[in-house]
Amino acid sequence: MKTNLLDFNLAQLTEHFAAMGEKTFRAKQVMHWMHQMGEDDFDAMTDIAKALRAKLLASAEVRVPSLMAAQEASDGTRKWLLDVGTGNGVETVFIPEDDRGTLCVSSQVGCALECKFCSTGRQGFNRNLSTAEIIGQLWWANKAMGVTPKNERVISNVVMMGMGEPLANFDNVVSALQIMLDDHAYGLSRRRVTLSTSGLVPQIDRLAAACPVALAVSLHAPNDAIRDEIVPINKKYPLSELMAACRRYLEFAPRDFITFEYVMLDGVNDRPEHARQLLQLVRDVPCKFNLIPFNPFPNSGYGRSSNNAIRAFREILQDAGRVVTVRKTRGDDIDAACGQLAGQVQDKTRRQEKWIRIAESGSE
Ligand code: SF4
């Protein structure tokens with residue numbers, strides 16, 4: 001089987017070329033072609049010597065996941081469904097905002113962590129995505145979105161918040177992050193790439209050492225009793241350990257803060273006393289909060305907190321001097337809103353009705 005060069009970060013590609021007896025600067029050239037130019041054909045890489053191109057054609061390939069479908073919502077949100085085999089697809093979502101364009105990237109097919117309010121968690125775990133399948137999401141979206149009239153990339157931010165727990169697929173995710181940050185590839189700044197974890201404490205420490213991108217933590221509860229119930233990994237890594245890991249992480253990125261994500265579940269975690277407990281919990285962690293109105297899905301067993309409850313909760317946090325955002329619900333008409341990413345993937349009938357099939361037309 002041919003080696004997929006999309007699986008390599010720059011260090012790995014450099015090593016690969018060295019092992020082939022080739023000059024190591026070739027790695028930078030090929031990174032540029034693959035990621036900045038969106039090229040998957042070695043013959044089109046015109047500044048690479050013909051002999052090397054022939055060698056690459058025989059032994060390697062740039063294999064991006066194939067595109068099953070693409071869709072655009074009326075608010076400009078876009079979604080791509082990529083084929084990762086075994087009848088499964090992973091979804092990538094682009095969310096346009098006034099001052100940025102954010103791509104939400106998946107790291108696994110399904111997820112093993114079974115957070116109770118999450119439709120992905122309800123599907124169970126299928127497998128980890130390869131580095132090529134992770135970076136392939138950015139590859140496709142970048143190719144589709146291109147650059148602005150000012151020649152800036154439309155995708156300015158990446159959040160690893162799609163399907164899966166990224167830190168449970170550590171090596172592949174870190175390689176993909178390194179490609180995102182690499183000036184020879186996407187050149188995104190470290191603070192514009194955010195990894196969201198449910199709280200795998202040892203891997204948070206490893207990430208700090210390997211690639212300290214911005215960190216978001218799916219907190220969702222102000223105490224262990226509630227978190228044990230809705231985020232089961234908390235039984236293994238309780239809040240005291242998680243908060244200590246957050247503090248350690250910021251030692252590697254001292255001017256940063258942790259973003260705590262908090263899904264607002266009616267009657268579960270949304271009372272004023274929960275907001276006060278939360279302030280106590282994070283008292284010595286530089287942070288901001290992102291409150292997420294829950295998106296109900298069939299048989300979830302949870303409801304969305306009322307607007308009044310969300311407002312009161314937000315005010316308690318703000319009055320204590322914390323920065324709080326409330327996530328806008330985006331892309332509702334294409335099921336791209338948070339927590340719905342995987343919800344429809346296996347519902348092929350509905351997907352066929354709703355999605356624009358582009359495979360036949362062969363164009364984006
Ligand atoms: S919230 Fe994240 S970690 Fe929890 S089940 Fe869903 S995808 Fe997995």
Side-chain angles (χ1 to χ4, degrees), residues 79 81-82 84 88-93 102-129 133-134 137 158-170 172-173 176-177 194-204 206-207 213-222 224 226-239 241-242 245-246 258-265 268-269 289-302 304-305 327 329 335-346:
K79 185 162 78 166
L81 183 71
L82 302 181
V84 289
N88 285 295
V90 289
E91 298 175 14
T92 295
V93 179
T102 303
L103 190 72
C104 180
V105 168
S106 297
S107 57
Q108 298 181 309
V109 185
C111 182
L113 294 192
E114 300 184 333
C115 301
K116 293 291 185 300
F117 52 85
C118 173
S119 64
T120 301
R122 296 286 177 98
Q123 278 189 38
F125 175 67
N126 188 302
R127 71 172 174 85
N128 282 331
L129 294 182
E133 289 166 334
I134 298 167
Q137 297 169 57
V158 170
V159 292
M160 299 286 315
M161 291 186 186
M163 251 190 265
E165 161 56 63
L167 293 185
N169 182 14
F170 190 87
N172 293 345
V173 164
L177 293 174
T194 301
L195 181 143
S196 173
T197 178
S198 58
L200 302 188
V201 165
Q203 287 90 331
I204 291 175
R206 284 179 66 198
L207 182 70
V213 294
L215 188 68
V217 172
S218 295
L219 193 59
H220 308 311
D224 283 319
I226 296 176
R227 199 160 192 268
D228 280 353
E229 178 60 31
I230 62 178
V231 185
I233 194 68
N234 194 66
K235 292 179 192 149
K236 193 164 180 191
Y237 304 116
L239 285 169
E241 290 182 28
L242 180 55
C246 290
I258 305 289
T259 300
F260 287 119
E261 298 163 309
Y262 196 100
V263 66
M264 299 294 293
L265 301 169
V268 175
N269 63 357
F289 291 99
N290 188 16
L291 305 182
I292 305 166
F294 176 60
N295 282 305
F297 55 90
N299 305 316
S300 68
Y302 293 107
R304 181 186 296 193
S305 300
R327 187 178 292 178
T329 301
D335 295 333
C338 179
Q340 296 180 340
L341 263 181
Q344 310 301 334
V345 173
Q346 297 189 336

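When a residue number appears, it is its place in the shown sequence, counting from 1. Both counts, for ligands and for their atoms, begin at 1 and track the order of listing. These numbers were taken from a predicted model, which means no experiment stands behind them.
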Review point. Under 4.0 Å between a Lys/Arg side-chain N and an Asp/Glu carboxylate O for Glu229 and Lys235?
Key: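 Looking at Glu229 and Lys235, the cut-off is not met.
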Next on the checklist: Salt bridge check, Glu241 against Lys236: does any charged N sit closer than 4.0 Å to a carboxylate O?
Outcome noted: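 No, no charged N to carboxylate O under 4.0 Å.
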message: Is Ser218 close enough to touch ligand 1? Criterion: a residue heavy atom under 4.0 Å from a ligand atom.
response: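 False for this residue.
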Within a distance under 4.0 Å of any heavy atom of [X], pick out the atoms of ligand 1 and give their elements.
X: Glu114; value: 5 (S)
X: Gly121; value: 5 (S)
X: Cys118; value: 1 (S), 5 (S), 6 (Fe), 7 (S)

Handout entry: Gap between atom CG of Asp224 and atom CG of Leu239 - 0.5 Å precision
Key =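 Answer rounded to 0.5 Å: 4.5 Å.
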Report task. Check step by step if side chain to side chain donor-acceptor pair (under 3.5 Å) holds for Glu261 and Ser196. Result -> CA-CA 9 Å; Glu261 298 163 309; Ser196 173; 2.8 Å; yes
Would you mind checking which non-hydrogen protein atom is closest to atom 2 (Fe) of ligand 1, with the distance to 0.1 Å?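 Here the nearest protein heavy atom works out to Gly164 O, 4.3 Å.
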- Query: Among all protein non-hydrogen atoms, which one is nearest to atom 4 (Fe) of ligand 1, and what is the separation to 0.1 Å?
  - Reply: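 Of every protein heavy atom, Cys115 SG, 2.3 Å lies nearest to atom 4 (Fe) of ligand 1.
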Check your understanding: Between Met163 and ligand 1, which residue portion shows a heavy-atom distance shorter than 4.0 Å: side chain, backbone, both, or neither?
Key ->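 Met163 to ligand 1: no contact under 4.0 Å from either part.
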Any donor-acceptor N or O pair under 3.5 Å, side chains Gln108, Asn128 =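 A pair is found: one side chain offers a donor N or O, the other an acceptor, under 3.5 Å apart.
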Worksheet item: Do Glu165 and Thr197 have side-chain atoms, one donor and one acceptor, less than 3.5 Å apart?
Response: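 There is such a pair between these side chains.
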* Metal check, atom 8 (Fe) of ligand 1 vs Cys111 N/O/S, cut-off below 2.8 Å ->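 So Cys111 counts as coordinating atom 8 (Fe) of ligand 1, yes.
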